[in-house]
Structures are given as C-alpha cells and as structure tokens.
Amino acid sequence: MAEKHIGLPAELIGGGVAGIIGVTCVFPIDLAKSRLQNKRRGQQAYKSMLDCLVKTLHSEGYFRMYRVIKTRLQSLTKGTSEDSYSRLADCVRKI
C-alpha cells in the first residue's frame with residue numbers, strides 16, 4: 001500500500017500542536033515530581049503525587065502550576081524550528 005505524503009506545512013503545524021499539548025499535559029505532573037523529590041529529610045509535605053497537585057492547586061492556584069511553561073515552550077519551539085529548517089533545506093536540495 002502506498003504511503004501518503006504529508007506536506008511540510010502540515011508537518012510543522014502538527015508537530016507544534018503535539019508538542020504544546022504534550023508539554024501542557026505533562027507540566028503539572030513534572031511539577032509534582034520535582035516537589036516530591038525536593039522534600040527535606042524527615043519532612044513529608046505531600047502523601048502522594050495527587051496530594052501534591054491538589055495542595056498546589058488550592059494554595060497557589062491553577063495558573064501557578066504553569067508559571068515557567070513559557071521557557072519550556074520557547075525551548076520546544078527552538079528545537080522544532082531547527083528541525084524544520086533542516087527539513088526545509090532537504091526539500092530545497094531535492095528541487
């Protein structure tokens with residue numbers, strides 16, 4: 001069966017959207033993981049990852065969980081644009 005080729009703009013948009021959705025969904029989990037790893041010896045601020053997320057949500061608010069997401073998205077976009085440039089250069093070489 002022949003494989004259908006997707007155009008470069010569709011690949012760029014699809015990759016960007018997938019990356020943004022991935023970072024947005026995983027970011028609160030990563031925050032909870034970091035807080036659980038950084039606990040001091042003898043202190044137990046959180047019982048579980050879910051407890052950490054709930055306490056963070058109640059004490060700091062929803063958007064506080066995403067306070068440094070801007071830098072993550074910028075680094076993701078930079079990596080995507082570098083990959084896109086190399087793909088674009090390959091396409092131009094074929095012409």
Side-chain angles (χ1 to χ4, degrees):
M1 186 171 191
E3 198 174 301
K4 186 177 179 183
H5 179 68
I6 299 174
L8 183 63
E11 285 186 21
L12 293 175
I13 291 169
V17 170
I20 289 170
I21 290 171
V23 168
T24 304
C25 293
V26 171
F27 205 78
I29 297 168
D30 190 46
L31 173 74
K33 174 195 64 101
S34 297
R35 289 189 177 189
L36 288 169
Q37 288 176 337
N38 289 331
K39 67 181 179 183
R40 305 259 185 240
R41 189 177 300 245
Q43 292 179 336
Q44 187 175 1
Y46 310 108
K47 297 176 186 173
S48 66
M49 187 174 279
L50 183 61
D51 182 49
C52 178
L53 289 172
V54 169
K55 285 182 179 178
T56 302
L57 186 65
H58 285 295
S59 65
E60 300 177 27
Y62 177 76
F63 292 106
R64 184 70 175 167
M65 289 195 285
Y66 292 99
R67 66 189 160 118
V68 291
I69 198 167
K70 181 180 175 185
T71 54
R72 283 274 174 98
L73 291 176
Q74 285 173 340
S75 66
L76 175 72
T77 306
K78 181 182 179 215
T80 304
S81 64
E82 289 171 358
D83 183 49
S84 302
Y85 176 77
S86 65
R87 286 181 181 231
L88 183 62
D90 291 341
C91 289
V92 170
R93 282 186 219 123
K94 290 178 183 178
I95 295 178

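- Within the structure, every pair that satisfies the salt bridge (Lys or Arg N to Asp or Glu O under 4.0 Å) test and touches residues 54-63, not counting sequence neighbours, is listed here: Arg35-Glu60, Asp51-Lys55, Glu60-Arg64.
- Here the shortest heavy-atom pairing between Ala32 and Cys52 reads CA-SG, 3.8 Å.
- Under the 3.5 Å distance criterion, the side-chain polar atoms of Asp30 are left unmatched by any main-chain donor or acceptor of Val26.
- Between the NE2 atom of His58 and the CG atom of Leu53 there is a distance of 11.0 Å, given to the nearest 0.5 Å.
- Heavy-atom minimum distance, Leu57 versus Tyr62: CD1-CA, 3.5 Å.
- Shown are Ile29, Leu31, Val54; of these, the side chain to side chain contact (heavy atoms under 4.5 Å, CB included) with Met49 is made only by Ile29.
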